[in-house]
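Here the structure is laid out as structure tokens; the discussion comes afterwards.
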Amino acid sequence: MPNKKRVVISGLGIISSAGDSIQDNWENLTQGNVMVKQDPRLEGLQVDFCCPIEGFPTSKQIDKSLAWRIDRFIQFALYAAKQAVADADLDFSTLNKKRVGIVLGNSLAGVTMLESTYSKLHMESEQPVSASLIPGAMGNMAVGQIALQFGITGPSLLIGTACASGADAIGLAKKMLENDECDIVLAGASEAPITKLIVSSFASLGALSTNPNPSEASRPFDEDRSGFVISEGAGILVLEQESHATERGAEIYAAVTGYGSSNDAFHVTSPHKDGVGLKSSMQQALADAQLSPNDIEAINAHGTSTVLNDRTESAAIFDVFGKNPLVTSTKGVTGHCLAAAGAIEAIYSVLSIKNNIVPPVAGLKKLDKSINVSIAHSKINELKINSVLSNSLGFGGQNASLIFSRYN
Amino acid sequence: MRNIEQHIIEILVDKFGIEKNQVTVNDELLNFGMDSIAIIELKFELLKKFELEQEDLNIYEDDSINVLLNKIGPLIEEKKYA
């Protein structure tokens, strides 16, 4: 196999409950500000709180003439993509657009639009269903709208590996760049799952926290954790061949050095009790990055705040890394935005390297005694970070691990 | 006619998010970013607003507001005397 190209990150774009800019996200993350709120969209449900993005979209974020016809998850994706492209200082008039790709992750497609249209159809059966429903709600349309926005004509793909989608999208983009299929790939994920139908369904599964005090509901690794808090958002990274980035004088955040993926083949929603699949994906990522476990200073865990995930994930981390890396979960701040989580947390991992900070686990009061990895307690943890591993796990037995390294 | 024109502009602005100062009566709808799917939606809105029958009205991306007035006006008149 010919020499693989090195892959770097030259742009970041984000919208989450922690803010619509990199700066706001990082500030809320490092301060451990919990973003949980009661949400009128969930009025009347047993679980009526989440980590919402309020006031979106303004006409500055998404043009009104487009906003009406695309689902919220596409709006998030477009907004994050525009931010990332601006951050990377990409000028599409000078790029070979056939060599630019898009790989996004998503899980539930345009469920907001589907659900509201379906309700309307029941209320007013004589009214025609909007012609924009299909093109505005299909999963791949997030990719399609970004391609339209920038005139990108290279490979454009949508990955559906549930809550591992964002990480898998970045992993696949890394491979495409390494194999010289593209010069640049916009990679990340988007999700807008806060609807009555979806939240009720997760609640029925017993996956959501029912903590009577919502601000204490998302508490990864805590002895009293009882489930995750649902969230929404998008994260998009500009991944680029190192040579391409340096030739155009791009500012480089970090390198994407490792990727591993696996399936537990164990249960539709529960992780493997021994974390076999997750260990495999972390080991694959290490091998891909040509690093040893001791080279990883920090881990951004999937850390959903469910009893099962946090226990099995931390045990798997201990088996592969021991107690050396400092482990955090940023879902104490942002909640869990499903497919988008892996992409948003990839951005947080990159920012950890840039700032030499591991954000604290917000919401953690009393560490679960069965967890024996080093958890980043509720304070800012400063340390020299050269490599961060980020885990994402999804329904269907999905596991994905990414490693980001300091760019020299 | 003036009233119909105002209604059409109102729909373009309120439903389709087009800036009011962008709307002119002679420009093709396509110039306001109204593609084939938006045109289907616009037709639904106009049928609802003016209580017209679906088969009576055909609109296209290269129609202008003036062209729409010429299509819709006679249909409304016809309805009045039916």
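Residue numbers start from 1 in every chain, and the chains themselves are labelled A, B, ... in the order their sequence lines are given, proteins ahead of strands.
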With the side chain counted from C-beta on, respond yes when A:L42 and A:F49 share a heavy-atom pair under 4.5 Å apart, and no when they do not.
->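 Contact flag for A:L42/A:F49 side chains = no.
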
Return yes when atom CD of B:E77 has more than 12 non-hydrogen atoms of other residues, nucleotides or ligands closer than 6.0 Å, and no otherwise.
->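 Enclosed.
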
Are the side chain of B:D63 and the backbone of B:Y60 linked by a donor-acceptor contact shorter than 3.5 Å?
->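 Side chain of B:D63 to backbone of B:Y60, a donor-acceptor pair under 3.5 Å: yes, one is there.
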
With a 4.5 angstrom heavy-atom cut-off, is it the side chain or the backbone of [X] that approaches chain A, or both, or neither?
{"X": "B:K48", "answer": "side chain"}
{"X": "B:Q54", "answer": "neither"}
{"X": "B:F16", "answer": "both"}

Parallel under 30°, tilted from 30 to 60°, perpendicular over 60°: which one fits the rings of A:F76 and A:F56?
-> tilted

